[in-house]
Engineer: 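Pasting a structure here, questions to come.
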Protein chains: 2
Amino acid sequence: MSGEIPALLGMAFHAVMEEVHVRLAEEGFDDVRPAHGFAFQYLSVRGGATAVELGEHLGVTKQAAVQLVDELERRGYVERRPHPTDRRARVVVLAARGWACVERVVALWAETERRWAALVGAERLTALRDDLSAFVTAAGSPPIRPLW
Amino acid sequence: MSGEIPALLGMAFHAVMEEVHVRLAEEGFDDVRPAHGFAFQYLSVRGGATAVELGEHLGVTKQAAVQLVDELERRGYVERRPHPTDRRARVVVLAARGWACVERVVALWAETERRWAALVGAERLTALRDDLSAFVTAAGSPPIRPLW
DNA sequence: AGATGTAGTCAAGTAGCTTGACCAAACAGG
DNA sequence: CCTGTTTGGTCAAGCTACTTGACTACATCT
């Protein structure tokens, strides 16, 4: 049957994210939504960002970004620090709880990959990763938004 | 790097859906949202459904489902017919415009697969499809929700 | 026939965004 | 320098796609 791969991609992706969501909730991270994860990932690789930068990355307005940061700060996932050179701006960085959450997601993803390797073999899984990389690269990887 | 496959799945899926969305809009289907596509797929394989059934399948309340059907009916994607045996119920079926949209999505997905086959080869693509199927089956394919 | 369940409706509330107006700090050019 | 423009963040109001809750009419079970 031709044309079913996109559907399978969606279902596989959804299955991973659903499981991660459930497992995180069991471990106490019961208040994280998809958009939060995408923000965490951005903050973890950049080390910090202003609300405006975060909004651009997430593809939402700065007002929405600020609101998201407010919520994450209230829940202890991020902290706001004064910007070193710009007195208007504040830098958002991951707090301990935010880092802990990121680490759990990384571990759960790795666990999923191990299960998948057991199902289809390490070589097939490597091929799958390479192929997906090729597709994403070919697509130009515009606004990535994994949108878990 | 271990654990990156889930991210690649998300990015690849997002890339397909983004392109389909843009192409559909160019072809006049500029008023379809992700949830609509999922409803179309359900209606096309079942041949019809009540608003309540549709809501259960989409994972939303019946009120939300009715609202969605109202909108799709107004835009000519679906029709409501009296239920043959239950005078309370009405059956929602795809209208011509709905079928046309479904056909375009199927064609665009097939086109994407051909492009991917050109990138990595037909055998690799077949392997990828089989492997994704295995993952989805292993996950138990709970509420599928491709959620484009 | 009566009790219970179900399809759909009506009404009100909510979450997560949006647009628009604004202020204060930053910055670029004469 | 000052002066005009850009930019980070805030305040306020509105919108959309949902939600919960109460209700009606028909269906179904006993």
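Below, read A as the first sequence line, B as the second, and so on, with proteins coming before strands; counting in each chain starts at 1. Heavy-atom basis, side chains included; hydrogens, waters and symmetry copies ignored.
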Engineer: Atom NE2 of A/His83 and atom P of C/dA26: how far apart are they, to the nearest Å?
Structural biologist: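 About 10 Å, once rounded to whole Å.
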Engineer: Relative to each other, are the rings of A/Tyr77 and A/Phe29 parallel, tilted or perpendicular (30° and 60° limits)?
Structural biologist: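 A/Tyr77 and A/Phe29: tilted rings.
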Engineer: Any chance you could measure B/Thr50, atom OG1, to B/Arg88, atom CZ, to the nearest 0.5 Å?
Structural biologist: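 Going from OG1 on B/Thr50 over to CZ on B/Arg88, the span is 10.0 Å.
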Engineer: Going 5' to 3' along nucleotides 16-25 of chain C, which nucleotides have protein heavy atoms under 4.0 Å from the base (write B), which only from the sugar-phosphate (write S), and which from neither (write -)?
Structural biologist: BBBBB---BB
Engineer: Please determine whether a side-chain nitrogen of the Lys or Arg among B/Glu56 and B/Lys62 lies less than 4.0 Å from a carboxylate oxygen of the Asp or Glu.
Structural biologist: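 Between B/Lys62 and B/Glu56 there is no salt bridge, as every charged N stays at least 4.0 Å from the carboxylate O atoms.
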Engineer: Begin with the C-alpha distance, continue with both residues' side-chain angles, and end with the deciding distance and a verdict on side-chain contact (heavy atoms from CB on, under 4.5 Å) for B/Ile5 and A/Trp109.
Structural biologist: CA-CA 8 Å; B/Ile5 293 184; A/Trp109 282 9; over 6 Å; no
Engineer: Are the charged groups of B/Arg115 and B/Glu113 less than 4.0 angstrom apart, N to O?
Structural biologist: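 Looking at B/Arg115 and B/Glu113, the cut-off is not met.
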Engineer: Rounded to the nearest Å, what distance is computed from the CD atom of residue B/Glu73 to the P atom of nucleotide C/dG8?
Structural biologist: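 It works out to 12 Å between those atoms.
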Engineer: Are B/Arg75 and B/Asp70 within salt-bridge range, i.e. N to O under 4.0 Å?
Structural biologist: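 B/Asp70 and B/Arg75: not salt-bridged.
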Engineer: Which nucleotide span of DNA chain D, 5' end to 3' end, has atoms closer than 4.0 Å to non-hydrogen atoms of chain A?
Structural biologist: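 The contacted stretch runs from D/dT7 to D/dC11.
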Engineer: Salt bridge check, A/Glu111 against A/Arg104: does any charged N sit closer than 4.0 Å to a carboxylate O?
Structural biologist: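 A salt bridge is absent here (no side-chain N lies under 4.0 Å from a carboxylate O).
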Engineer: Measuring centre to centre across the rings, with the benzene-like ring taken for any Trp, is B/His14 within less than 6.0 Å of A/Phe13?
Structural biologist: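 No, too far apart.
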Engineer: Output yes when A/Glu73 and A/Arg90 qualify as a salt bridge under the 4.0 Å nitrogen-oxygen rule, no when they do not.
Structural biologist: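 Here A/Glu73 does not pair with A/Arg90 in a salt bridge, since their nearest N and O are not under 4.0 Å apart.
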Engineer: State, to the nearest 10°, the angle formed by the axis through the first five base pairs of the helix from C/dA1-D/dT30 to C/dG30-D/dC1 and the axis through its last five.
Structural biologist: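 Terminal axis comparison yields 30°.
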Engineer: Tell me whether A/Arg97 is salt-bridged to A/Asp31, with the criterion being a basic N under 4.0 Å from an acidic carboxylate O.
Structural biologist: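 Looking at A/Arg97 and A/Asp31, the cut-off is met.
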